[in-house]
Number of protein chains: 2
Amino acid sequence: MARPRSFDEDQVLDTAMCTFWANGYESTSTRDLCQALGLDRSSVYNAFTNKRELFKRALTRYMDTTTADQVRILDNHELPAIERIRALFAKILQTEAANRRDGHGLGCLTVNTTMELAGRDPEIGLMLARDTERRIISLSAAIRCGQRDGDIGSTRDPAELARFVNAVIAGMRVAAQGGADDATIAAIAATAMDALA
Amino acid sequence: MARPRSFDEDQVLDTAMCTFWANGYESTSTRDLCQALGLDRSSVYNAFTNKRELFKRALTRYMDTTTADQVRILDNHELPAIERIRALFAKILQTEAANRRDGHGLGCLTVNTTMELAGRDPEIGLMLARDTERRIISLSAAIRCGQRDGDIGSTRDPAELARFVNAVIAGMRVAAQGGADDATIAAIAATAMDALA
DNA sequence: CGAATTCTGCACCGATTGATGTAAAAAGGA
DNA sequence: TCCTTTTTACATCAATCGGTGCAGAATTCG
């Protein structure tokens with residue numbers, strides 16, 4: 001009944017996500033974006049309304065995939081809780097190593113966006129807060145599990161420990177963007193595990 | 001012999017520092033800056049060459065004052081090393097609490113700049129790396145001290161522990177910008193101390 | 001009081017920003 | 001095949017960006 005789209009929406013969102021991830025929101029122009037996407041601006045505006053809406057879609061996609069990945073690791077009851085958390089750190093290390101460009105990591109889109117926009121854009125701030133909460137819940141559950149089974153010795157409140165692990169992960173992202181190498185970031189994770197045992 | 005300046009250079013640098021701190025480098029326009037400074041653009045360009053040079057001066061000023069503060073705490077040999085690190089965390093908490101605006105912290109200019117520019121501006125990346133190294137050295141020394149005196153039980157390499165503490169601090173900044181309250185951030189710091197004892 | 005020199009205020013520059021309008025192109029339904 | 005509908009390509013918009021040029025104001029030195 002009408003002319004069909006020449007692009008796949010999910011594929012466009014993936015590319016947009018990577019572009020925003022690498023360059024940030026403000027310093028990614030819609031022209032840069034369209035060049036990366038191989039699309040005309042009118043097509044993008046027609047499909048995604050405006051830059052901010054497109055970013056929110058890309059951010060949502062990032063959180064849906066990445067956080068789901070992390071939650072899957074944390075909810076795997078076949079492993080002792082402490083091993084699940086170790087696996088979570090390993091996952092962070094692995095993606096951070098894979099995304100390194102000229103000695104600097106890309107960090108994580110949610111952390112990057114928290115720094116750039118959370119204080120200035122309440123709606124995006126809320127999206128990020130919800131995503132953090134989702135990860136905290138999963139982390140807390142795993143930690144409570146580990147405390148019960150004895151493989152996590154710390155008697156601190158599971159939610160506090162979860163916030164700690166989350167903060168360390170953010171710190172690892174910052175270190176990666178500052179140019180820290182794999183071994184350094186791995187050592188940060190290993191040391192953080194000491195606080196749980 | 002010539003018309004004198006109508007402003008104090010250090011005072012201007014302080015205001016510029018705060019403006020960049022609150023809004024980031026890219027999204028602080030030279031016009032915003034000049035309004036905050038109460039100066040005309042030509043005066044600023046005349047005194048500081050261009051926006052990037054002004055930012056570098058402001059960043060240097062921030063690092064000189066803030067890092068010096070932290071180093072002073074860490075080098076105070078009248079306290080046991082573990083207490084010095086506790087005092088360092090307390091200092092972070094205090095400034096983070098003081099700088100909160102509508103529920104979001106300002107974080108730290110060096111962390112913010114690392115996220116925004118370190119990967120894209122090698123010279124600024126180097127300035128940040130040097131500042132980090134300076135803090136790591138002071139941290140390492142204090143930690144080595146604590147290991148010798150027995151108040152730090154962890155047998156990990158002091159440099160590794162220093163990087164860990166540094167990463168946790170960065171994580172606390174991120175949490176603050178994400179809207180975490182004082183108690184949450186304090187708990188992160190307290191948990192990090194567990195990894196040292 | 002001039003002369004020399006620097007700083008300030010204002011206008012202006014080209015480039016780039018996010019966003020829109022318009023007309024042709026591409027498909028399906030009758 | 002023609003009509004309807006959506007997408008596409010291209011031009012263009014006002015606003016803002018960092019940066020500059022220039023004339024006048026303000027100061028010290030002679």
Side-chain angles (χ1 to χ4, degrees), chain A residues 1-60 109 112-113 116-117 120-124, chain B residues 1-60 109 112-113 116-117 120-124:
Chain A
M1 189 168 170
R3 181 172 177 174
R5 289 217 171 124
S6 66
F7 59 89
D8 174 56
E9 198 156 305
D10 283 347
Q11 196 171 326
V12 162
L13 279 176
D14 268 336
T15 324
M17 183 187 86
C18 289
T19 310
F20 282 126
W21 188 358
N23 304 114
Y25 175 73
E26 296 279 10
S27 62
T28 299
S29 76
T30 58
R31 286 162 177 86
D32 295 341
L33 216 38
C34 287
Q35 186 170 13
L37 299 172
L39 293 178
D40 189 87
R41 322 241 324 284
S42 58
S43 298
V44 172
Y45 275 90
N46 179 50
F48 301 97
T49 311
N50 58 37
K51 182 183 174 183
R52 185 167 168 277
E53 260 356 90
L54 172 58
F55 179 76
K56 278 163 54 186
R57 293 278 302 270
L59 177 62
T60 299
L109 183 58
N112 298 1
T113 307
E116 186 180 0
L117 299 177
R120 192 156 25 110
D121 188 320
E123 187 186 2
I124 291 181
Chain B
M1 188 163 166
R3 180 172 177 175
R5 289 217 170 123
S6 66
F7 59 90
D8 174 55
E9 197 156 305
D10 283 345
Q11 196 172 329
V12 162
L13 279 177
D14 267 336
T15 320
M17 184 187 86
C18 288
T19 310
F20 283 127
W21 188 357
N23 304 114
Y25 176 72
E26 296 280 8
S27 61
T28 300
S29 77
T30 59
R31 286 164 177 85
D32 295 341
L33 216 37
C34 287
Q35 188 170 12
L37 298 173
L39 293 179
D40 190 86
R41 321 240 325 285
S42 58
S43 297
V44 173
Y45 276 89
N46 179 50
F48 301 98
T49 310
N50 57 37
K51 180 183 176 182
R52 186 167 168 277
E53 272 336 285
L54 171 58
F55 178 77
K56 279 163 54 188
R57 293 279 301 271
L59 177 62
T60 299
L109 183 59
N112 298 3
T113 307
E116 185 180 1
L117 297 177
R120 193 156 24 110
D121 189 319
E123 189 187 359
I124 291 181

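Because the structure is a prediction, the values reported are computed rather than measured. Letters A, B, ... mirror the listed sequences (proteins, then strands); counts begin at 1.
- No contact: B:Thr49 has no heavy atom under 4.0 Å from any strand.
- Among the nucleotides D:dA26, D:dC10, D:dT7, the one closest to the side chain of B:Arg3 is D:dA26.
- Atom CZ of B:Phe48 is separated from atom P of C:dT8 by 11 Å (rounded to the nearest Å).
- Side-chain atoms of B:Phe7 and B:Leu37, non-hydrogen and from C-beta on, never get closer than 4.5 Å to each other.
- The A:Tyr45 side chain lies nearest to C:dA19 when the options are D:dT5, C:dA19, C:dT8.
- Nucleic acid contact class of B:Ser29 (heavy atoms, under 4.0 Å, all strands): sugar-phosphate only.
- Across D:dC10, C:dC7, D:dG19, the shortest atom-to-atom separation from the side chain of B:Arg5 is found for C:dC7.
- Between the CZ atom of A:Arg52 and the C1' atom of C:dT17 there is a distance of 17 Å, given to the nearest Å.
- C:dG18 atom P lies 14 Å from atom CD of A:Gln35, rounded to whole Å.
- Comparing C:dG9, C:dA27, C:dT8 by their nearest atom to the side chain of A:Pro4 picks out C:dA27.
- In terms of polar N and O atoms assigned as donor or acceptor, the side chain of A:Arg41 comes within less than 3.5 Å of the base of C:dA19 in a complementary pairing.
- Within 3.5 Å, no donor on the side chain of B:Thr30 pairs with an acceptor on the base of D:dG18, nor the reverse.
- Residue A:Asn46 places at least one side-chain N or O under 4.0 Å from the OP1 or OP2 atom of D:dT7.
- Scanning all heavy atoms of the two residues, the minimum distance from A:Lys51 to A:Tyr25 falls at NZ-O, 3.1 Å.
- Between the OH atom of A:Tyr25 and the C1' atom of C:dT17 there is a distance of 12 Å, rounded to whole Å.
- If you check every strand for non-hydrogen atoms under 4.0 Å, A:Ser27 touches nothing.
- Contact check, B:Ser6 against C:dT8: a side-chain N or O comes under 4.0 Å of OP1 or OP2.
- Closest contact between the side chain of A:Asp40 and the listed nucleotides D:dG19, D:dC10, C:dG9 involves D:dC10.
- Within the 4.0 Å cut-off from OP1 or OP2 of D:dT8, at least one side-chain nitrogen or oxygen of A:Ser43 is found.
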